[in-house]
Amino acid sequence: MYQARCISCHNANPKIAGSVGPEIFGASLEVLKVKIQEGAYPLGYTPKRNTHAMPKQSLSDEEIKYLFQYLNAKP
Ligand code: HEC
């Protein structure tokens, strides 16, 4: 799912910045959820970038949970 939906902007290796988006390895479940579903950030979170280039995507909570596990997997 990460390869299909995210690497047009983020790097195929989430530890490295992509062509458009920053590195996102280790992103918290809350940041992923709010950023993907609402195009926003959790209250009090300092974003890595101040741009608003990333479009929202209608992923389910379950799909985001899988992305979270993928982006937080130990090598
Ligand atoms: C069209 C390009 C694009 C796509 C597709 C995209 N992103 Fe992003 N993403 C960005 C950009 C650019 C930023 C920097 C903030 C902004 O401009 O919105 C970002 C920021 C983020 C952040 C916040 C990083 C931080 O801590 O500040 C997360 C998390 C994230 N993306 C996850 C994802 C995931 C997961 C996907 C796939 C479901 C995805 N993005 C798809 C462009 C994209």
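From a predicted model like this one, the values you see are computed outputs, not experimental measurements.
Of the residues listed (Glu30, Lys56, Met54), the one engaging Lys35 in a side chain to side chain contact (heavy atoms under 4.5 Å, CB included) is Met54, and it is the only one. For the side chain to side chain contact (heavy atoms under 4.5 Å, CB included) with Pro14, the qualifying choice from Leu67, Leu71, Ile7 is Leu71, the only one to do so.
A donor-acceptor pair under 3.5 Å is absent between the side-chain atoms of His10 and the main chain of Ala17, judged by distance alone. The closest donor-acceptor contact from the side chain of Lys48 to the backbone of Glu23 lies under 3.5 Å.
Side-chain contact between Met1 and Leu59: present, with at least one pair of heavy atoms (C-beta onward) separated by less than 4.5 Å.
Distance CG/Asn11 to CD1/Ile24: 10.0 Å, rounded to 0.5 Å.
Scanning for side-chain contact (heavy atoms from CB on, under 4.5 Å) contacts around Asp61 gives Lys33, Gln37, with sequence neighbours left out.
For the ring-ring contact (aromatic ring centres under 6.0 Å, His included) condition, the pairs that include at least one residue of residues 19-55, sequence neighbours left out, are Tyr41-Tyr45. Applying the ring-ring contact (aromatic ring centres under 6.0 Å, His included) rule to pairs touching residues 53-75 yields Tyr2-Tyr70, sequence neighbours excluded.
The two atoms that bring Ser19 and Ser8 nearest to each other are OG-O, 3.4 Å, heavy atoms only.
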Practice problem: Apply the test side chain to side chain contact (heavy atoms under 4.5 Å, CB included) to residues Ile36 and Glu63: give CA-CA distance (whole Å), side-chain angles for both, the deciding distance (0.1 Å), then the verdict. | Solution: CA-CA 11 Å; Ile36 294 171; Glu63 287 171 313; over 6 Å; no
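The number of heavy atoms from other shown groups lying within 6.0 Å of CD (Gln69) is above 12.
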